[in-house]
Amino acid sequence: LEKQTNRSAKNLQKFGRKMATIFGAGALVAFLKKSVLAFSENEKALKRLNLELDNVNLGFASGIASDFIRNLSLATGIADDELNPALQRLVRSTYTLTDAQKLLTLAVDISKRTGKDLSSISVALERAYLGQTTSLARLNIGYTTASLKGKEFNEILGDLQKRYGGGALATQDDFGTSIDRIKVAFEEAQEAVGEGFVKGLEKSGKSVDEFTRDLIKAGEGLGEFLSKVTNLIDKFSFLITKFDLFKNKAEDFAASQRAS
């Protein structure tokens, strides 16, 4: 009984410490701050993209653009802070969201197939669209300045799609891409927590400072509760130990009386 009680007490104490760590006010506040920051940065990026769309009279398509970025990010494991600037740049040059999406998708395919960074590829495609193919040749992905000279962009685009099209889908289940996709999913979840927190604060009418004070008080209350539970377990273990000692002494005394 004593061993079982001590084991249970230790397990409960460990559980208490884990709970204190998980629900510690400081840790929770830090997590919420990171979530709010992630949400804020994503909102800024979307505003920049929306501004670019407005500049080319495509403001009505902002929802389509943001959904496209989110889905592409989750499917490929490429963070939206890489995809957003690339799409902005392509929208600025093509004046159409459809062409910009097509070129960004191709840029992702090429990046996945070759390991080249997405930014360099999207810049090269943008310039090729505008008739400047030097950057595309410098990528060293099978083209030279001479081989690209005089070619129409649609011809170059068709050849690139034959060579590299579907690259993102082909590497979707690779170990590295899978890890990147999980990371992106966690980042999306954290942004969602930040968004929910900000909207919740707006509805409650509380300021961030007020919420922080309340949260710290709640954390302190939980800590005090866990401390009392741990102390109670210690006292209970002590009483059980004393009871077992008394019982053993009584049994010894009874045995000596029977022997005499």
Side-chain angles (χ1 to χ4, degrees), residues 41-42 44-59 61-62 64-174 176-181 183-184 187:
E41 291 300 321
N42 186 57
K44 289 176 184 176
L46 287 177
K47 283 180 180 177
R48 287 192 292 269
L49 177 58
N50 291 343
L51 180 62
E52 202 64 63
L53 290 168
D54 283 336
N55 289 340
V56 293
N57 298 317
L58 291 172
S62 60
I64 297 172
S66 61
D67 285 346
F68 169 76
I69 289 292
R70 183 175 183 274
N71 292 333
L72 187 60
S73 179
L74 288 170
T76 62
I78 298 174
D80 53 16
D81 58 8
E82 287 187 68
L83 296 173
N84 268 315
L87 187 62
Q88 279 179 242
R89 191 164 45 241
L90 291 167
V91 165
R92 188 186 310 131
S93 297
T94 63
Y95 285 83
T96 73
L97 182 58
T98 302
D99 285 347
Q101 288 174 321
K102 185 190 296 184
L103 291 178
L104 181 55
T105 301
L106 178 58
V108 170
D109 285 338
I110 296 171
S111 177
K112 289 292 183 180
R113 293 277 195 190
T114 64
K116 305 283 184 180
D117 72 278
L118 181 64
S119 179
S120 298
I121 296 168
S122 61
V123 167
L125 288 177
E126 175 203 4
R127 290 176 179 172
Y129 181 89
L130 297 173
Q132 304 163 15
T133 57
T134 304
S135 295
L136 191 58
R138 286 175 179 167
L139 286 176
N140 294 319
I141 57 172
Y143 299 95
T144 62
T145 304
S147 68
L148 292 170
K149 189 175 181 180
K151 284 189 176 182
E152 294 292 327
F153 178 72
N154 283 337
E155 184 182 354
I156 296 170
L157 181 64
D159 190 58
L160 284 168
Q161 287 172 332
K162 284 181 184 178
R163 293 190 188 201
Y164 301 106
L169 184 62
T171 60
Q172 197 171 44
D173 295 324
D174 289 356
T177 300
S178 296
I179 294 298
D180 288 339
R181 290 177 67 195
K183 182 182 176 184
V184 165
E187 289 171 352

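Residues satisfying the side chain to side chain donor-acceptor pair (under 3.5 Å) criterion with R70, sequence neighbours excluded, are E188. Annotation: side chain to side chain donor-acceptor pair (under 3.5 Å) contacts of S178 (sequence neighbours excluded): none. Every residue two or more places apart in sequence or in another chain was checked for a salt bridge (Lys or Arg N to Asp or Glu O under 4.0 Å) with E155, and none qualifies. Under the rule for a salt bridge (Lys or Arg N to Asp or Glu O under 4.0 Å), the partners of R92 that lie at least two apart in sequence or sit in another chain are E52. Partners of S119 under the side chain to side chain donor-acceptor pair (under 3.5 Å) rule, at least two apart in sequence or in another chain, do not exist in this structure. For S122, the side chain to side chain donor-acceptor pair (under 3.5 Å) partners are R89, not counting sequence neighbours. Residues passing the side-chain contact (heavy atoms from CB on, under 4.5 Å) test with Q132, sequence neighbours excluded: R127. Judged as a salt bridge (Lys or Arg N to Asp or Glu O under 4.0 Å), and not counting sequence neighbours, the contacts of K44 are E41.
Identified under the salt bridge (charged side-chain N to carboxylate O under 4.0 Å, His left out) test for residues 108-122, with sequence neighbours left out: none. Residues in residues 136-162 take part in these ring-ring contact (aromatic ring centres under 6.0 Å, His included) pairs, two or more places apart or across chains: Y129-F153. The stretch residues 92-122 participates, sequence neighbours left out, in no ring-ring contact (aromatic ring centres under 6.0 Å, His included) pair at all.
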Under 3.5 Å, which donor-acceptor pairs do the side chains of residues 72-80 form with other protein atoms, sequence neighbours left out?
unit_1 : atom_1 : unit_2 : atom_2 : d
S73    : OG     : I78    : O      : 2.7
T76    : OG1    : L72    : O      : 2.7
T76    : OG1    : I78    : N      : 3.3

